[in-house]
Amino acid sequence: MLELSRRDLLKLSGTAMGGLALGSVLSGCSSDSVAATDPTQQNSLLAGLPTYTPGAEKLAADEMRISFMGTTCIPMISQAAVSVFVELGNGDCFLFDIGTGSMIKYWAMGINMDRMSKIFLAHLHADHMGDLSFLYGFGPSYGRNWPLYVWGPTDSGFVYTDPVGNVRGPFPDGTRAYCEALKNMMYWHNESQAFLATSYQDYPIPPYDPDPSLQRRDAYDLVPIELNWKKTGKDALGIPNNDNVAYNYNGVKITHFPAVHCRAAAVSYKLEWNGLSMIYCGDSLPNNYMIDQAKSGVDVLIHEIVMPADKWVAKMGIDPTTHPNAVQQSQNVQDSSHTPQKAYGYILDQLEQAGKAPRLAVGTHFQATDDTIKLALEDIRKWYPQGDVTIASDTMVLNVTKSGVTQRRAVVSNYAWPKTTTAIPYTSPNRPKYWKVDPITGKIDGDATAQLDPEQYKQVIDKNLYNAR
Ligand SMILES: [Zn+2]
């Protein structure tokens, strides 16, 4: 078993923050009681962070808060698939990806669906959008009574010639096609809930709606905003031309640039606001687009990393020494898609040499336990021995201000309910699709039983019978 201490991890992460409670950690994590000294079953880096209580602090007007709601590609109880929530002091908030399991973390962190209307997808792998169907479908039941906006790459344009010589493609595989298919897939779901009011007449069409003439106000409107994944913000001569702006409102600018991942049509994002900035790379081979973009100087650089292929297959219960094919298979995936730990160190070194190291570098999309974190940090440190680096896990929260980046972990309940977090300012709900007139009051209301089979409804037990006791 790997021998390492919590102190080793903190030394490697180089987090020179105040308030690290070295002596009193590992509270509140149920797996810790199972194997308190097994490095594969704990995350001391996270456990050692000072705590943050969701909902207890108002974000300062000039501050950015980044909450990690999902941090791996292999969902586990401790980590959902990737999602990053960014809140700004001006009241705006944004999601970067919404991978499988991350929705649970949003609710646990006190974020309800009324604050989850703007989603920026890095690409269309399920570990980046797996919970979109739940968010889309149940948004109208949990506070989002207006459309859901989804930014993401255009079609890949990929074309190939099959073994018998037929040219195949291009394919409808971009964000628009995805959203249309998702909406169709959710037909039964959406209709079944359509006795609820799902839109307001006085909801203002937001400026980022790509076609205001459509007057989209309904919560079951799913609005794709496609981004040309080839764009970098610079022309062929390297002169800035702003061709990669995804969002530019209310002082918030979100740009995109290419990620090189698995199949054409993946992007990374940069958010800039109030002199603060973050980059989010969901998945990519290590690339020069990233170095170029991060050279503008970012406060927080969030970048996927992957452990070596032999370590990966060993984690899956396969002996890498006797199963070289399995290692090769895993290596093939990495060679098409991912950033090795060392390569992230190399990228950070390049930035440091340019005088533009991020204030905090975060590795994510990574199964974070003491054993894997130690190896990841050691690899990153081969290139980047000094700067602040950490490995993300769910519930990690960063507060970003001009004076620094602080890291904490949120204390959350396993039993949290969704709570409406903002007062809904709209007052004029439209009539639901399925409605009726109350015979006594004359009031119009949703007709919750309109879609039941009438014969089956006759078999429903009368309330008066079981309420008699
Ligand atoms: Zn991924």
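When reading the values below, keep in mind they use all heavy atoms of this one structure, side chains included, and skip hydrogens, waters and symmetry mates. Predicted model, so just to flag it, every value in this text is computed and none were measured. Start at 1 and go down the list; that is how both ligands and their atoms are numbered.
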query: What orientation do H125 and H261 show, parallel under 30°, tilted 30 to 60°, or perpendicular over 60°?
result: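 Answer is perpendicular, since the angle exceeds 60°.
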
- request: Tell me, with the steps shown, if Q367 and T72 meet side chain to side chain donor-acceptor pair (under 3.5 Å).
  value: CA-CA 6 Å; Q367 303 73 257; T72 184; 3.0 Å; yes

- request: Check whether the ring centres of Y269 and F94 lie less than 6.0 Å apart, and answer yes or no.
  value: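 Centroid distance Y269-F94: not below 6.0 Å, so no.
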
task: Kindly give the atom name of the N, O or S atom of D127 closest to the Zn ion (ligand 1).
output: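 Of all N, O or S atoms in D127, the Zn ion (ligand 1) lies closest to OD2.
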
message: Please name the atom of H365, limited to N, O or S, that comes nearest to the Zn ion (ligand 1).
response: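 Nearest N/O/S atom: NE2.
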
message: Just checking: H128, one of its N/O/S atoms, less than 2.8 Å away from the Zn ion (ligand 1), yes or no?
response: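 Under 2.8 Å: H128 contacts the Zn ion (ligand 1) through an N, O or S atom.
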
message: Using 2.8 Å as the threshold, say whether any N, O or S atom from D283 sits that close to the Zn ion (ligand 1).
response: yes

- prompt: Are more than 12 heavy atoms from other residues, nucleotides or ligands located less than 6.0 Å from atom CD of Q334?
  reply: yes

